[in-house]
A.B. asks: 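Got a structure for you, questions after.
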Amino acid sequence: MNIFQHVSDIGDLSKALDEAFEIKADRYKYQALGKNKTAMLIFFNNSLRTRLSTQKAALNLGMNVIVLDVNQGAWKLETERGVIMESDKSEHLLEAIPVMGCYCDIIGVRSFARFESRKDDYEEKILQQFIQYSGRPVFFMESATVHPLQAFADLITIEEYKNKNHIEPNPLFGGQPVERTPNRRPKVVLSWAPHPKALPQAVPNSFAEWMNAADVDFVVTHPEGYELDPQFVGNARVEYDQMRAFKGADFIYGKNWSCPGVTRPEDYGKVLGDYHDYADWTISDRQMAVTNHAFFMHCLPVRRNMIVTDDVIEAPTSIVIPEAANREISATVVLKRMLEGLK
Ligand code: CP
């Protein structure tokens, strides 16, 4: 595997899941594979989970790891070709990328949407330059439009939990055990929730893309105006009534996203209206009551009582921590596949 961006890059999903569970059972099984190989993780934006889980994945495989926070300690980078470089940006991405490629075998890049141009963001202008000029396999650690390491971890988590019928309380928060009816082909609902700031569409885009490829009954719910790009949402059922969407659901995936600009390109990257007016979209016991004791998921970080109430995220059916733990597993599978493909 030379690029990890879309669900199609991982190939057969059931094989990828088998590999994930093999690695979960023995995460050091392939430790010899990465000997004398170096992963370089480049962050243009902040991260907790991606930074830590991907480093851990590289270590699981016996790799060396270099982490670069571009905005802390490196030269400020110009990303536009043709610019007269008289600002505070001392280095051009077109030199920086091949230089970075000299020092590693595999590159991971995090570079969020800038919301300056829908076209530039959706063409993945930054990541495409890494693919073109680094000379190395490149995996996306959340780009302008996708977060495949997250979506793969989400799929692993759904696969692990879909057959569970008895859920013990979270030892951190207590409560009563939950008995639920398992569902081999679960109903999975991606629900928009309010947020004060404009967030990218990378997580919902990838989640939709991966759920469309998985064996689940997938539904997306959001207020009008937040329609996801057709290349990701595909033929998934879109429901504007959140309560109707939640009915009988087995998994609720909460997430905010800003306007994708599908119906009104001029609204791309905006928070539509006043987010206080959407307070009833915050995921609470009211919506969860109509589900099949659904598991609650979120990629984290999450704003409590904005996206989801304390009660829901602390409930025995909240699986946000095991979901985050699976980030190590998805990253280990992806790095393993890339190591196997090195010439
Ligand atoms: N979910 C996720 O990608 O978390 P970080 O932004 O902390 O890496």
Side-chain angles (χ1 to χ4, degrees), residues 4-7 9-10 20 39-60 65-72 106-115 121 124 126-127 130 138-158 160-161 188 190-193 195-211 228 232 251-258 283 295-304 306-308 313 318-335:
F4 182 59
Q5 176 178 7
H6 292 295
V7 66
D9 296 321
I10 202 86
M40 184 176 284
L41 311 182
I42 299 164
F43 289 90
F44 286 83
N45 304 94
N46 295 339
S47 166
L48 186 150
R49 278 143 292 272
T50 305
R51 173 189 301 270
L52 299 180
S53 62
T54 313
Q55 286 185 68
K56 178 65 167 63
L59 296 173
N60 291 347
V65 193
I66 299 172
V67 180
L68 176 68
D69 286 291
V70 171
N71 297 319
Q72 292 169 24
I106 295 172
I107 297 185
V109 182
R110 166 164 286 200
S111 178
F112 289 174
R114 297 179 172 187
F115 294 143
D121 285 346
E124 294 288 5
I126 302 293
L127 266 294
F130 274 91
V138 173
F139 63 100
F140 287 47
M141 298 197 300
E142 188 170 347
S143 68
T145 65
V146 292
H147 196 355
L149 287 170
Q150 180 67 51
F152 186 16
D154 297 333
L155 178 66
I156 296 167
T157 311
I158 290 168
E160 275 182 322
Y161 279 84
V188 178
L190 168 63
S191 178
W192 183 94
H195 195 276
K197 290 165 62 178
L199 295 185
Q201 296 112 40
V203 169
N205 282 346
S206 280
F207 189 72
E209 184 186 54
W210 284 66
M211 287 304 110
L228 293 169
F232 298 108
F251 291 87
I252 299 297
Y253 197 98
K255 186 72 186 88
N256 171 270
W257 60 90
S258 61
I283 298 166
F295 293 106
F296 175 77
M297 300 177 72
H298 188 283
C299 61
L300 305 180
V302 68
R303 290 185 188 233
R304 282 178 173 227
M306 174 67 62
I307 301 285
V308 58
I313 200 167
S318 169
I319 52 173
V320 295
I321 305 303
E323 179 186 359
N326 279 331
R327 290 292 307 276
E328 176 189 345
I329 306 304
S330 64
T332 308
V333 174
V334 168
L335 284 172

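Numbering of ligands and ligand atoms starts at 1, following listing order.
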A.B. asks: Would you check if there is a donor-acceptor pair between the side chains of Glu124 and Thr145 at a distance under 3.5 Å?
C.D. replies: yes

A.B. asks: Which is it for Leu300 and ligand 1 at heavy atoms under 4.0 Å: side chain, backbone, both or neither?
C.D. replies: backbone

A.B. asks: Would you tell me whether Ser258 and Gln201 have side-chain atoms, one donor and one acceptor, within less than 3.5 Å of each other?
C.D. replies: yes

A.B. asks: Within the structure, does Pro301 bring an N/O atom to less than 3.5 angstrom of an N/O atom in ligand 1?
C.D. replies: no

A.B. asks: Side chains of Ile158 and Met211: does their closest heavy-atom pair fall under 4.5 Å?
C.D. replies: yes

A.B. asks: Please could you name the atoms of ligand 1 that His147 approaches to less than 4.0 Å, counting only its heavy atoms?
C.D. replies: 2 (C), 3 (O)

A.B. asks: Any idea which protein heavy atom is nearest atom 4 (O) of ligand 1, and the distance to it?
C.D. replies: Arg49 NE, 2.9 Å

A.B. asks: Closest by any non-hydrogen atom to atom 6 (O) of ligand 1: pick that one out of Glu323, Arg110, Glu142.
C.D. replies: Arg110

A.B. asks: Testing Asp154, Leu149, Ile156 for side-chain contact (heavy atoms from CB on, under 4.5 Å) with Arg327, which one passes?
C.D. replies: Leu149

A.B. asks: Describe, in one word, how the ring planes of Tyr161 and Phe295 are oriented to each other, choosing from parallel (under 30°), tilted (30 to 60°) and perpendicular (over 60°).
C.D. replies: perpendicular

A.B. asks: Is the Tyr253 ring parallel, tilted or perpendicular to the His298 ring (thresholds 30°, 60°)?
C.D. replies: parallel

A.B. asks: With no hydrogens and no angle check, just 3.5 Å: does a side-chain donor-acceptor pair link Asn205 and Glu209?
C.D. replies: no

A.B. asks: Please report whether ligand 1 has a polar contact with Arg51, defined as an N or O pair separated by less than 3.5 Å (distance criterion only).
C.D. replies: no

A.B. asks: Show the atoms of ligand 1 that are less than 4.0 angstrom away from any heavy atom in Leu48.
C.D. replies: 5 (P), 7 (O), 8 (O)

A.B. asks: I need the atoms of ligand 1 closer than 4.0 Å to a non-hydrogen atom of Arg327, numbered in the order shown.
C.D. replies: 1 (N), 2 (C), 3 (O)

A.B. asks: Counting each atom of ligand 1 from 1 as listed, which ones have a heavy atom of Cys299 under 4.0 Å away?
C.D. replies: 1 (N)

